[in-house]
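All remarks here apply to the structure that follows.
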Amino acid sequence: VSAVPTIQSWEREVLDFLTSHAEATDPQALKWGEGSDRVALIPDSDRDDPSIVQEEQAWRALAFDAGLAWPDGPVELGGRGFTVEHRYVYDRLEARFDVPSPKHLGIGVRMVAPSIQAWAQPAVREVLPRALQRGELIGCQLFSEPSAGSDLASLRTSARRDGDEWVIRGQKVWSSEAHWADVGLLLARSSTAGSKHEGITAFVLRLDAPGVEVRAIRQMTGGSSFNAVFLDDVRVPDGHRLGEVGQGWRVAMSALSGERGSIGGGVGLETISPRRLLDLANAVGRASDPLIRQRIADVAIRARSVETAQSMLLDAGSPDAPIGPEMSAAKLLATDVLCRAQELLAALLGPRLTANSGEWGTFAWAEWVLGVPGVRFGGGTDEIQRNIVADRVLGLPRE
Ligand SMILES: Cc1cc2nc3c(=O)[nH]c(=O)nc-3n(C[C@H](O)[C@H](O)[C@H](O)COP(=O)(O)OP(=O)(O)OC[C@H]3O[C@@H](n4cnc5c(N)ncnc54)[C@H](O)[C@@H]3O)c2cc1C
């Protein structure tokens, strides 16, 4: 077992690897009017192009095999046994290089693998987290249903015990990346007795199992990252159950706090760098407007404060369980910055945001702006995050 490196020496190790395998992306080198003007907050999933997913997988495997991509993973499962902070450092530094973004693998890495690691039975725990972290397998989250989003505990997909197996029947919705996924983290109702939270059981589901049907949903950006997943008497071995029967709510809560933590880490904030916003203001003739300059500075400062808030939350937590309900506050800070940036973009672009005139770098922002609601809803809406902070962080009386 190697000693845990200091953060400084870890940064050096990571940078050595990144500089020898990839080009650093230099925001200062972005030239207005040159190259692609695409700027997306939730890049559309490339349904028809497996090569993009394969490139992402190959990069992840390279970083994993160099011992960098899963620093906080337990040594016995293939990780390095370091801390969550080491992982954040890796993610932050990797984002500065021109490498395939971890779009298709993200849910498996951040949510499915940690849940399996924490709750699975030994045979599954020994294999799947490593395969998901290395990008060999792609994971998705099968929680939401047509009548169970914010009120997730109202879910109705049923799990009926049949000997050593469970028979799953129902429908999931908004399942991001399920069309690429090998395994899904599934919540199903195993009992209708007692409170609605008590009758839920969690499973790992193979998406190639007979009875699973994945159907695309098109979103307002024009892309299609989501799916509806129909489960028609799908058989899941009891060995693929996560946690105890009826304890699925605990599995769900630990998975969701991980998701909020990663969103709180500032999804998409790198796309609204001050340089980029100033270039845009310049192109539309508003760069010397003091109010616009003030708003660009405001967005930049708040984006920076999200990073700081996240580091403070990590420092305040224990090395083993640093991500708790406080991460809801980090997610709210991040989505607040996105909303302010969205309003600034609308003020700068006006009608150019709604009609494509062919002008470089203007209508392209529509995809970014239309992605903001998605980030606000995904992983729990702003209202739900505020309820969590009120209830579990501040200890205010319940609704
Ligand atoms: C980009 C994105 C990716 C997603 N990926 C996945 C995925 O991979 N897997 C998955 O299972 N799901 C996924 N979802 C679904 C997501 O979890 C739900 O959209 C979310 O939980 C909200 O549920 P809902 O859409 O049913 O809205 P509803 O629950 O119907 O909420 C509607 C409105 O009512 C408000 N509201 C509801 N309850 C309360 C309350 N108690 N107090 C105050 N306000 C309330 C909400 O804030 C919201 O404004 C994704 C969603 C998005 C946008």
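One-based numbering, in listed order, for ligands and for the atoms of each.
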Leu132 pairs by side-chain contact (heavy atoms from CB on, under 4.5 Å) with which of Ile116, Val109, Ile107, Leu105?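 Only one option passes, and that is Ile116.
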How does Val375 reach ligand 1, by side chain, by backbone, by both or by neither, if only non-hydrogen atoms under 4.0 Å count?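 The answer is neither.
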Where ligand 1 meets [X] - atom numbers and elements under 4.0 angstrom, heavy-atom basis:
X: Glu383; answer: 43 (C), 44 (N), 46 (C), 47 (O), 49 (O)
X: Phe143; answer: 11 (O)
X: Phe226; answer: 1 (C), 2 (C), 3 (C), 4 (C), 52 (C)
X: Phe377; answer: 20 (C), 53 (C)

Is there a polar contact between ligand 1 and Asn387, counting only N or O atoms under 3.5 Å apart?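 Yes, at least one N or O pair falls under 3.5 Å.
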Quick one: does any side-chain atom of Arg80 pair with a main-chain N or O of Leu68 as donor and acceptor, under 3.5 Å?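 Checking the backbone N and O of Leu68 against the side chain of Arg80, no donor-acceptor pair under 3.5 Å is found.
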Between the main-chain N or O of Ser175 and the side-chain N or O of Asn227, is there a donor-acceptor pair closer than 3.5 Å?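 Yes: the side chain of Asn227 pairs with the backbone of Ser175.
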Give me the ring orientation class for Trp360 and Trp32: parallel if the planes are under 30° apart, tilted from 30 to 60°, perpendicular past 60°.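 If you compare the ring of Trp360 with that of Trp32, the planes turn out perpendicular.
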Closest to atom 18 (C) of ligand 1 (judged by heavy-atom distance), picking from Pro146, Gly139, Ser144: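 Ranked by closest heavy atom to atom 18 (C) of ligand 1, first place is Ser144.
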Side chains of residues 366-377: which donor-acceptor pairs under 3.5 Å do they make with residues two or more places apart or in other chains?
from, atom 1, to, atom 2, distance (Å)
Glu367, OE1, Arg38, NE, 3.0
Glu367, OE2, Arg38, NH2, 2.8
Trp368, NE1, Thr271, OG1, 2.8
Arg376, NE, Asp382, OD2, 2.9
Arg376, NH2, Asp382, OD2, 3.0

Using salt bridge (charged side-chain N to carboxylate O under 4.0 Å, His left out), reason through Glu145 and Arg189 one step at a time and then give a plain yes or no. CA-CA 12 Å; Glu145 297 185 5; Arg189 181 156 303 289; over 6 Å; no
